[in-house]
Each structure stands twice: as structure tokens, then as C-alpha cells.
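Contents: one structure, followed by commentary.
It should be emphasised that the depicted structure is a prediction, and the values quoted were computed from it without experimental measurement.
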Amino acid sequence: MSLSRSLRPGRHPQPRHGITPPVADRELTAVSADGARIHVEVHGPDGGTSQAAGSGGAPTVVLAHGWTCSTLFWAAQIRDLAADHRVVVYDQRGHGRTPAGAVGTEQLADDLEAVLAAVLAPGEKAVLAGHSMGGMTMMAASGRAGFRQHAAAVLLCSTGSARLVDESLVLPMRAGRLRTRLTHLILGARAPLGPVTPVSRRILKYATMGPASAPERVDECARVVHACPRAVRVAWSHVLGELDLGKGVRELDVPAIVLGGTADRLTPIVHAKRLAAELPQCLELVELAGMGHMTPVEAPEAVNAKIRELVAAYLDVKEEAA
């Protein structure tokens with residue numbers, strides 16, 4: 001049973017720090033099952049401890065970004081949460097500072113397991129939050145022993161498990177084969193994105209953000225997305241186009257909050273509603289009025305609040321330290 005809520009995020013002005021997040025207290029490399037080297041950053045209390053964590057100090061939050069993004073995407077979450085949480089962020093393979101390699105849902109799961117093993121002691125729990133492909137990463141890893149050992153609860157932001165292209169609303173056309181085919185072509189386009197320009201900002205805002213998104217937040221997202229290498233963008237688009245993680249959703253048997261924007265064209269709110277209905281332990285479906293696909297950037301206060309709620313409810317730091 002899940003509780004559905006519709007929220008209108010506050011319009012409080014945000015400090016204009018730009019997209020660059022605080023400097024990590026520690027950087028490390030997690031080695032995945034196939035030898036891929038995953039760039040990992042740790043921010044906040046205990047961030048400077050040894051490679052294998054488990055200090056029993058501040059609660060740990062692990063953030064997984066989405067397609068064409070990087071650790072930079074989580075700047076607002078790092079700034080807020082790192083004051084009293086140990087915040088772990090990592091670059092999915094081919095994104096940010098992680099080299100490209102084989103792509104697929106198995107690789108997403110392998111990489112997350114490797115990150116969790118690198119930053120958490122055996123049996124240590126964390127709250128995990130994933131945006132878009134980051135949420136799909138948690139679905140892909142849900143049956144893995146490493147995931148079950150470390151995941152206390154999850155926040156799934158602007159994500160889905162299947163039919164991503166069929167149900168995309170990027171093209172204002174009637175649903176059907178033609179729209180699906182054209183959407184495939186657009187999302188998998190090999191054309192370079194080039195530098196960020198006023199035109200490219202407008203296109204990105206239309207496709208991925210709500211109509212009232214602040215210009216500085218659109219600019220932040222544009223700079224992150226345009227930095228993704230073309231070959232990586234195309235390779236992962238094919239994975240997402242064929243995605244079917246229904247089994248992973250059913251096996252994601254930890255407390256979960258599902259969050260989505262009502263103006264999301266890439267993963268429309270129907271995906272969030274479906275996840276809320278199918279997850280074994282969905283606590284709440286949060287619908288953010290007027291928000292698009294980039295909810296952690298568009299509505300950081302709402303996303304951060306839900307992460308804090310999960311930490312308070314499901315991470316007993318004192319008990320772990322005892």
C-alpha cells in the first residue's frame with residue numbers, strides 16, 4: 001500500500017554556486033566485476049577515513065545519477081546533505097571520470113555493487129537514491145547479494161522500468177508505432193550536441209525540465225548533459241530503449257519512495273505510478289507539480305527532504321556503531 005501525494009515545490013531562491021559541487025573529502029576507484037574502474041567521491045563527515053568505511057559515524061547516502069549526467073548532477077544534494085551525512089556519489093561507466101566500457105543492465109548492477117563494497121563495511125547499511133538510469137540501476141541490482149546487504153531504503157526519482165520509448169512524451173504526437181520509431185531515432189541520435197547555446201538550452205528545457213524551471217538550473221543541466229561523450233550517450237540510449245526491469249522491481253524489497261514530476265516528458269508520471277503499484281514496500285508516491293525529468297536539480301528541497309526522511313526512519317547510526 002502506498003500513499004500518493006502531489007506537492008508544489010517551494011520557489012525559494014537558491015544560492016548561485018554554479019554546477020561545481022564541493023570538493024570531495026575523499027576520492028577512490030571501485031573495481032567492477034569486469035575490471036571497469038568506477039570513479040567514486042565521498043563528501044561529508046567520515047569522508048576522509050580509510051578506503052573501507054564502516055566507522056559507524058554519520059549516516060551514509062549513496063547517489064546514482066542518470067543517463068548523460070555525472071556526479072556534478074548531485075551538487076544541490078551534496079551541499080545540503082554533506083553537512084550531517086556521509087554522501088557517496090559515483091560516475092556511471094562512460095560518464096564523468098569513469099572510463100567507457102561494456103554497457104547493459106548487468107553492468108549497472110555490477111558497478112553499484114562494487115561501489116557499495118568499496119565504501120561500506122560488511123553489513124553496513126545506507127540509503128540509496130537514484131535518478132532516471134540511477135533508479136534503474138537499483139532495479140537491476142535488487143536481487144544481488146551486495147545490494148541486499150547494504151540497502152536500507154531507496155528513493156527512486158524520475159525513473160521507470162520498461163516501455164521508456166513507447167511512453168515518452170518528447171514528441172507531441174499520438175502514441176503509436178510512428179512516435180515510438182521517431183523517439184528511438186531522436187534519443188539515439190549520433191549527432192554531437194556541441195557547445196551549450198541558447199537554442200540547445202531551449203531544446204533541453206523542453207525535453208527534460210518543467211516549463212517554469214529557472215534559467216540557472218537549465219544551464220546547470222545543459223552543461224552536464226553536453227559534457228557526456230557522444231558514443232557513450234548513444235550506447236546507453238540503446239540499453240534504455242530495450243529496458244525491461246519488471247523482475248527487478250518485484251525484487252526491490254526494501255522501503256521505497258517514488259518521486260516524479262508531473263511535467264516529465266522523458267519518463268512521464270505513469271512510470272512513477274506503475275512503480276508505486278508494483279514495488280513490494282512502496283511507502284509513498286510523490287508527484288511534483290510542474291516539474292520535469294531533472295527533479296534533483298529542479299526541486300532539490302523536495303528530493304533532499306525525502307532522502308532525510310528515509311535516513312531518519314531506516315538508518316539507526318547509534319545501533320550500527322554499538
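Of the possible donor and acceptor atoms, one in the side chain of Arg230 sits under 3.5 Å from a partner among the backbone N and O of Arg190. Checking side-chain atoms of Arg250 against main-chain N and O of Glu278 turns up no donor-acceptor pair under 3.5 Å. Side-chain atoms of Thr180 come within 3.5 Å of backbone atoms of Gly176 as a donor-acceptor pair (strictly under, hydrogens ignored). Within the 3.5 Å criterion, the main-chain N or O of Gly194 finds a donor-acceptor partner in the side chain of His226. With Ser32 contributing its side chain and Ala114 its backbone, the two residues share no donor-acceptor pair below 3.5 Å. Using a distance-only test at 3.5 Å, with no hydrogens or angles considered, a donor-acceptor pair links the side chain of Glu113 to the main chain of Gly146.
The pair Glu106-Arg144 counts as a salt bridge, with a side-chain nitrogen and a carboxylate oxygen less than 4.0 angstrom apart. A salt bridge does not link Arg148 to Asp253: none of the charged nitrogens lies less than 4.0 Å from a carboxylate oxygen. With respect to the salt-bridge test (charged N to carboxylate O, under 4.0 angstrom), the residues Asp34 and Arg93 qualify. Here Arg86 does not pair with Asp25 in a salt bridge; the nearest charged N to carboxylate O distance is not below 4.0 Å. Classification of Arg217 and Glu220 as a salt-bridged pair fails, no side-chain N sitting under 4.0 Å from a carboxylate O.
Under the 4.5 Å side-chain heavy-atom criterion for ILVMFWY residues, no single connected hydrophobic cluster contains both Trp67 and Val234. Val254 and Leu245 fall within the same hydrophobic cluster, defined by Ile, Leu, Val, Met, Phe, Trp and Tyr side-chain heavy atoms under 4.5 Å apart, directly or through other members. Residues Met209 and Val196 fall into different hydrophobic clusters, defined by Ile, Leu, Val, Met, Phe, Trp and Tyr side chains chained together at heavy-atom separations under 4.5 Å. A continuous path of ILVMFWY side-chain contacts below 4.5 Å connects Leu193 to Met294, so both sit in one hydrophobic cluster.
Expressed to the nearest 0.5 Å, how far CD of Glu251 lies from CZ of Phe147 amounts to 10.5 Å. From Arg201, atom CZ reaches atom OG of Ser213 across 14.0 Å, with rounding to the nearest 0.5 Å. Atom CG of Asp91 and atom CG of Asp111 lie 11.0 Å apart (nearest 0.5 Å).
The aromatic rings of His293 and His131 are tilted relative to each other, their planes meeting at an angle between 30° and 60°.
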**OP:** Could you please spell out the steps behind the side chain to side chain contact (heavy atoms under 4.5 Å, CB included) verdict for Met133 and Leu108?
**Re:** CA-CA 9 Å; Met133 192 172 79; Leu108 290 175; 4.0 Å; yes
Original post:
Can you check side chain to side chain contact (heavy atoms under 4.5 Å, CB included) on Met139 and Leu275, steps first, answer last?
Top reply: CA-CA 10 Å; Met139 301 173 212; Leu275 287 173; 3.9 Å; yes
**OP:** Start with the C-alpha gap between Val61 and Trp74, add the side-chain angles, then the distance that decides, and say whether side chain to side chain contact (heavy atoms under 4.5 Å, CB included) holds.
**Re:** CA-CA 12 Å; Val61 173; Trp74 295 111; over 6 Å; no
**OP:** Please test Glu298 against Leu288 for side chain to side chain contact (heavy atoms under 4.5 Å, CB included), starting from the C-alpha separation and ending with a verdict.
**Re:** CA-CA 10 Å; Glu298 295 178 78; Leu288 297 178; over 6 Å; no
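Here the shortest heavy-atom pairing between Tyr206 and Val170 reads OH-O, 2.9 Å.
Residue Arg274 qualifies as enclosed at atom CZ: its count of foreign heavy atoms under 6.0 Å is above 12.
Between Leu128 and Leu112, some side-chain heavy-atom pair lies under the 4.5 Å cut-off.
Between the side chains of Ser158 and Thr295, at least one donor N or O sits under 3.5 Å from an acceptor N or O.
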